[in-house]
Amino acid sequence: MTDSAPAHRPRTPWRAVIGGSIGNLVEWFDWFVYASFATYFAGAFFPKGNDTAQLLNTAGIFAVGFFMRPVGGWLLGRYADRRGRKAALTLTVTLMSASALLIAIAPTYDQVGYFGALVLLVARLLQGLSVGGEYAASATYLTEASQPGRRGFVSSFQYVSMTLGQLIGLGLQIVLQHTMSDDALHSYGWRIPFIVGSVGAAVIFWLRRNLLETEVYAEEDAHQRSERGTIGELLRHRKEAALVIALTMGGTVAYYTYTTYLTKYLSNTAGLSKSDASLVSFCALFLFMLLQPAAGSLSDRIGRRPLLITFGIGSMLGTVPVMTALSHTDTFLGALLLSLAALVIVTGYTSINAVVKAELFPTHVRALGVALPYALANALFGGTAEYVALWFKKTGAESGFYWYVSGCAAVSLIVYLTMRETRDAALTRGHTGDTTASGEPQKTSV
């Protein structure tokens, strides 16, 4: 006889949500701490001179970490498809702990010259490797661990955890700014968050060892084991891979513009103090974090495409006026309202981008299919966003960056308007009533 879908609304697997998200929190705490504390340690690794030039150097190393993400996406995406989601999640948090510790103990330019910058570069490469795999492993785990009709809501907690990691980093920065002198922060205080991140990752490693593997992965047919996570298998889904790159382009540029770059922009362009700029980012990100589950749940009701289209239109038309207004804002409240308005628009992408990508691929290549194309898009657009912004500023044409962000959003909007809806895509043959990755009705099990 044919299985039937449960009549009641399935309960959210909170243990899986927490297990899949909490390590993501530590990963992104370390990732974003680099960006938020760059204004303090930029002078420690490069010769004294122009502040913008020092930030440009540290932003360049920040961007290099993104270019390691495709390698991490390939290696760890393959690992997640062949060895399991749990194994990949444990490995990525281990790598992040090591990279945070390296930054915490890195020697300065005054001590060893450019060798300190080399240590910083190696640490960023390790971070890129780790995050390249963490995103896909976390997105895949959260999506597979949830029930049909709740995947948008559950997977939205990936960006809840990512944002919470940023908030903890910014909160720590605000505390240090109010308890340490500016000279102390520039001298040694910037090392504190990296020590915290290293210890936190070690704790998460222990917690993740107790995670259960997802049933979707465990139920995968044995004869497909040799094909799991291979480039050859991914190439059979090259249309979906190209779709991931295109739909990520506008979202990742907008996201990094209004998160990691925002604090620098408010202090370096708008003229707010570093402490006020950090507080604006903290408050805006906190409210942004609360929006993610609501938007994810909305996508379970109306579909993924409406949210993506709303983001595309809002970002394409709203970036130039919002960024222009921010550049002339000299009050805390004005900066907060404008920043929050931008992040509300970005929520249309962040709340569901993980589940949309996971729903495009079959189980045996899902992690690699999400990881590698997404990492490539981030390396090309997300990782370079801050560098491009500072380059435009250095050349005296800062407004050119606003149009760049709008243009990227316009390209992604075309994709959102033409792509198929993925809300009802099947993750496994046991999901009655779902559709397959190609959009055909999914057969029920007998």
Side-chain angles (χ1 to χ4, degrees), residues 31-43 46 49-67 69 124 128 166 169-170 173 248-274 276-278 280-281 284-285 288 311 314-330 335 338-343 345-346 349-350 377-412:
W31 184 262
F32 285 107
V33 152
Y34 180 99
S36 62
F37 276 83
T39 54
Y40 292 104
F41 67 74
F46 299 99
N50 183 274
D51 289 344
T52 299
Q54 289 180 342
L55 283 174
L56 198 59
N57 287 328
T58 55
I61 293 181
F62 182 77
V64 167
F66 275 84
F67 284 98
R69 288 176 67 165
R124 285 292 300 163
Q166 292 182 70
L170 281 172
Q173 183 179 37
T248 300
M249 177 181 176
T252 191
V253 171
Y255 177 73
Y256 283 100
T257 296
Y258 294 115
T259 55
T260 59
Y261 181 61
L262 182 63
T263 304
K264 297 184 187 68
Y265 183 76
L266 291 175
S267 62
N268 211 20
T269 296
L272 269 67
S273 66
K274 290 179 181 179
D276 282 348
S278 296
V280 167
S281 294
L285 285 173
F288 170 73
F311 156 72
S315 186
M316 181 182 68
L317 299 179
T319 296
V320 174
V322 168
M323 293 294 286
T324 301
L326 275 173
S327 68
H328 296 96
T329 299
D330 57 2
L338 287 168
S339 301
L340 184 58
L343 288 172
I345 295 173
V346 175
Y349 166 80
T350 56
N378 266 273
L380 293 172
F381 303 106
T384 59
E386 183 177 329
Y387 190 88
V388 172
L390 290 171
W391 181 85
F392 271 111
K393 179 176 179 60
K394 189 175 182 180
T395 59
E398 190 167 22
S399 62
F401 177 68
Y402 314 158
W403 291 100
Y404 169 76
V405 177
S406 297
C408 290
V411 173
S412 289

Practice task
Please assess Asn378 against Tyr256 for the test side-chain contact (heavy atoms from CB on, under 4.5 Å), listing each intermediate value before the final yes or no.
Solution key: CA-CA 10 Å; Asn378 266 273; Tyr256 283 100; 3.4 Å; yes
Completion exercise
Tyr349 meets the ring pair (Phe, Tyr, Trp, His ring centres under 6.0 Å) criterion, sequence neighbours left out, with Phe311
Problem - Heavy-atom side-chain proximity of Leu390 to Tyr261 below 4.5 angstrom - result: yes
Exercise for the section: For Leu326 and Ser339, run side-chain contact (heavy atoms from CB on, under 4.5 Å): C-alpha distance rounded to whole Å, both residues' side-chain angles, the deciding distance at 0.1 Å, then the answer. Expected result: CA-CA 8 Å; Leu326 275 173; Ser339 301; 3.9 Å; yes
Problem - Inter-residue atom distance Phe401.CZ - Ser406.OG, 0.5 Å rounding - result: 10.0 Å
Fill in the blank from the handout: d(Thr259 OG1, Glu386 CD) to nearest 0.5 Å is 9.5 Å
Problem - Candidate pair Val346 and Ser315, rule side-chain contact (heavy atoms from CB on, under 4.5 Å), full reasoning - result: CA-CA 7 Å; Val346 175; Ser315 186; 6.0 Å; no
Problem - Pairwise distance CE(Met323) to OG(Ser399) - rounded to 0.5 angstrom - result: 10.5 Å
Fill in the blank from the handout: ring pair (Phe, Tyr, Trp, His ring centres under 6.0 Å) filter on Phe37, not counting sequence neighbours, yields none
Exercise for the section: Name the orientation class of the two ring planes belonging to Tyr255 and Phe288 (parallel below 30°, tilted from 30 to 60°, perpendicular beyond 60°). Expected result: tilted
Handout entry: Pairwise distance CZ(Phe381) to OG1(Thr252) - rounded to 0.5 angstrom
Key = 9.5 Å
Handout entry: Backbone of Tyr387 reached by a side-chain donor or acceptor of Thr384 within 3.5 Å
Key = no
Handout entry: Working for side-chain hydrogen bond (donor to acceptor under 3.5 Å, both in side chains), residues Ser278 and Thr263
Key = CA-CA 6 Å; Ser278 296; Thr263 304; 5.1 Å; no
Completion exercise
Hits for side chain to side chain donor-acceptor pair (under 3.5 Å) against Ser412, two or more places apart or cross-chain, chain-then-number order -> none
Exercise for the section: Tell me, please, which residues at least two apart from Thr257 pass side chain to side chain donor-acceptor pair (under 3.5 Å). Expected result: none
Practice task
Please identify each residue that fulfils side-chain contact (heavy atoms from CB on, under 4.5 Å) with Thr269, with sequence neighbours left out.
Solution key: Tyr265, Ser327, Lys393, Glu398
Practice task
Please identify each residue that fulfils ring pair (Phe, Tyr, Trp, His ring centres under 6.0 Å) with Phe392, with sequence neighbours left out.
Solution key: none
